[in-house]
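What you see is a predicted model; the values in this text were computed from it and never measured. Lettering of chains follows the sequences in order, A, B, ..., and the numbering in each one begins at 1.
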Amino acid sequence: IHIGNTLIDMYFKCGLIIAAEVVFDKLPVQDLISFNVLIAGYAEQCSGEEALMCFQQMQHNGCALNLATSVSVIKACTKSGDAKKGKEVHAYISKSGLDQDLPIANSLIDMYGKFGLLAEAEHVFDKLPVRSLVSWNVLVAGYAEHDPGDEAVILFEQMQQESICPDAVTCVCGLKLFGTVATRVKGQEIHIKIVQLGMEEELLIGNSLINMYAKCGWLAEAQEVFDKLVTRDVVSWSALMAGYAQLGESETVLIFLDKMISEGIKPNLVTMTCVLNACSDEGLLCLGQIYFDALSIDFPFVPTLEHFTCIIDLLSRAGLVERAAQLIGEMPINPD
RNA sequence: UCACUCUAAGC
């Protein structure tokens with residue numbers, strides 16, 4: 001059974017869901033860990049709902065849950081976006097007294113943070129007798145996403161004062177926060193910290209720096225970080241292009257689009273949003289549309305509903321209602 | 001044999 005469980009886990013981590021299911025079903029007995037692996041796998045690779053259904057089945061089988069199960073079930077709630085279910089699970093876990101365990105509490109803070117229920121997130125955070133770096137990171141991430149204002153900044157400063165040594169995740173969250181509130185001096189402080197910790201080569205960090213500087217309108221700095229990066233991905237390019245688009249420098253955005261393609265980086269729908277955004281602001285609409293149409297052929301974008309909504313919004317506001325309608329017709333997903 | 005946090009886009 002050890003081998004079976006390991007196999008299921010491995011298949012899920014490779015994205016081979018069917019294979020994982022087959023192995024699970026073929027096991028002579030499914031133990032706690034089989035279920036844990038299955039729930040974690042579904043939550044990671046599929047939908048939260050599917051993971052929650054496994055959990056139901058597990059309870060149905062009379063299998064007791066442990067710490068790892070709880071973490072995965074909370075993750076599943078987070079992914080499903082079902083706040084009501086999340087609260088139920090929270091209540092259930094508290095009853096078993098598992099809610100003081102750090103990974104579990106951190107997952108709960110993360111869940112509430114992602115739902116934008118920051119008061120609940122803080123409540124869990126405040127009740128903890130001891131906190132880990134992750135506890136802080138998830139709370140800051142929640143604030144950076146849903147309420148990037150004074151409170152978030154205060155929280156971040158408080159974290160520094162508690163002599164907690166930040167890691168890459170802390171820096172990424174902090175940079176996101178200070179990009180959104182456009183406080184580049186604070187962002188720069190993080191930049192200095194990053195250099196001290198020797199993390200400036202990391203792609204994620206680099207991208208976050210580009211984004212922060214770009215959002216603060218400091219394109220020269222953004223550009224410098226961009227140039228120094230040894231590897232750049234579509235996010236690096238898009239973040240920089242978004243910055244130029246924000247300043248209304250549409251020509252620059254188009255130049256970068258050409259450049260990124262010639263360097264072999266494929267633009268995606270987010271990139272195209274930046275391009276269209278830049279073009280719609282300066283009446284370069286036709287050009288934007290030409291690019292969009294040409295690139296839809298060369299690079300079949302794999303979109304989410306979110307991407308579509310955004311593009312359609314841009315197209316219609318720019319007056320390209322026909323093209324927007326056409327795109328809705330082509331949508332591979334159910335339009336809401 | 002399993003489990004916690006992180007980056008780009010329009011409104």
### Task
Return the value, rounded to whole Å, for the distance between atom CD1 of A/I109 and atom C1' of B/rA3.
16 Å
### Query
Between A/K114 and B/rC6, does any side-chain N or O lie under 4.0 Å from OP1 or OP2?
yes
### Message
Can you measure A/I194 atom CD1 to B/rU7 atom C1' for me and round it to whole angstrom units?
### Response
11 Å
#### Entry: Nearest to side-chain heavy atoms of A/E306, which nucleotide of B/rC4, B/rA8, B/rG10
B/rG10
### Message
Less than 6.0 angstrom from the centroid, inside 45 degrees of the normal: does A/K259 satisfy that with respect to the ring of A/F256?
### Response
yes
### Task
Assess A/R232 against A/F226: is NZ or CZ under 6.0 Å from the centre of the six-membered ring, and within 45 degrees of the ring's axis?
yes
### Query
B/rA3 phosphate, OP1 or OP2: any side-chain N/O from A/K13 under 4.0 angstrom?
yes
### Summary
Here the distance between atom C1' of B/rU5 and atom CZ of A/F156, to the nearest Å, is 14 Å
### Query
Which nucleotide sits closest to the side chain of A/V71: B/rC11, B/rA3, B/rA9?
B/rA3
### Query
Looking across every strand, which nucleic acid part, if any, lies under 4.0 Å from A/N268 by heavy atom: base, sugar-phosphate, or nothing?
base
### Query
What nucleotide, of B/rC2, B/rA3, B/rA8, holds the atom closest to the side chain of A/K75?
B/rA3
### Task
Among the candidates B/rC6, B/rA9, B/rC2, find the nucleotide nearest to the side-chain atoms of A/C173.
B/rC6
### Task
May I have the distance from A/F292 (atom CZ) to B/rA9 (atom C1'), rounded to whole angstrom?
13 Å
### Summary
Among the nucleotides B/rC4, B/rU7, B/rC6, whichever has the atom closest to the side chain of A/S208 is B/rU7
### Query
Base, sugar-phosphate, or nothing for A/N211, non-hydrogen atoms under 4.0 angstrom?
sugar-phosphate
### Message
What's A/A40 touching, base or sugar-phosphate or nothing? Going by heavy atoms closer than 4.0 Å.
### Response
nothing
### Message
Side chain of A/T309 only, heavy atoms from C-beta on: which candidate in B/rG10, B/rC2, B/rA8 is closest?
### Response
B/rG10
### Task
Have a look at A/A239 and say if it touches a base, only the backbone sugar-phosphate, or nothing, with a 4.0 Å heavy-atom cut-off.
sugar-phosphate
### Task
Counting heavy atoms from C-beta on, name the nucleotide in B/rU5, B/rA3, B/rU1 closest to the side chain of A/P103.
B/rA3
### Task
Just compare B/rG10, B/rA8, B/rA3 and give me whichever is closest to any side-chain atom of A/N277.
B/rG10
#### Entry: Test side chain to side chain contact (heavy atoms under 4.5 Å, CB included) applied to A/I8 and A/I33, A/L27, A/N36, the passing residue
A/L27
### Message
Aromatic contact between A/H191 and A/Y213, with the criterion being ring centroids under 6.0 Å apart: yes or no?
### Response
yes
### Message
In this structure, how many angstroms lie between the P atom of B/rC4 and the CG atom of A/L102, rounded?
### Response
14 Å
### Query
From B/rG10, B/rC2, B/rU7, pick the nucleotide closest to the side chain of A/L314?
B/rG10
### Message
Please determine whether residues A/V270 and A/M272 belong to a single hydrophobic cluster, defined as Ile, Leu, Val, Met, Phe, Trp and Tyr linked transitively by side-chain heavy-atom distances below 4.5 Å.
### Response
no
### Query
Just to confirm, is there a sub-4.0 Å distance from OP1 or OP2 of B/rC6 to any side-chain nitrogen or oxygen of A/K176?
no
### Query
Roughly, in whole Å, what's the span from CE in A/M212 to C1' in B/rU7?
13 Å
### Query
For the side chain of A/V172, counting heavy atoms from C-beta on, which of B/rA9, B/rA3, B/rC6 is nearest?
B/rC6
### Task
Rounded off to whole Å, could you give me the CD1-to-C1' distance for the A/I210 and B/rC6 pair?
16 Å
### Query
Which part of the nucleic acid, if any, lies within contact of A/V138, taking any heavy atom under 4.0 Å across all strands shown: a base, the sugar-phosphate backbone alone, or nothing?
sugar-phosphate
### Message
Tell me whether the NZ or CZ atom of A/R131 lies within the 45° cone about the ring axis of A/F125 and under 6.0 Å from its centre.
### Response
yes
### Task
Let me know the distance between CG of A/D167 and C1' of B/rU5, rounded to the nearest Å.
8 Å
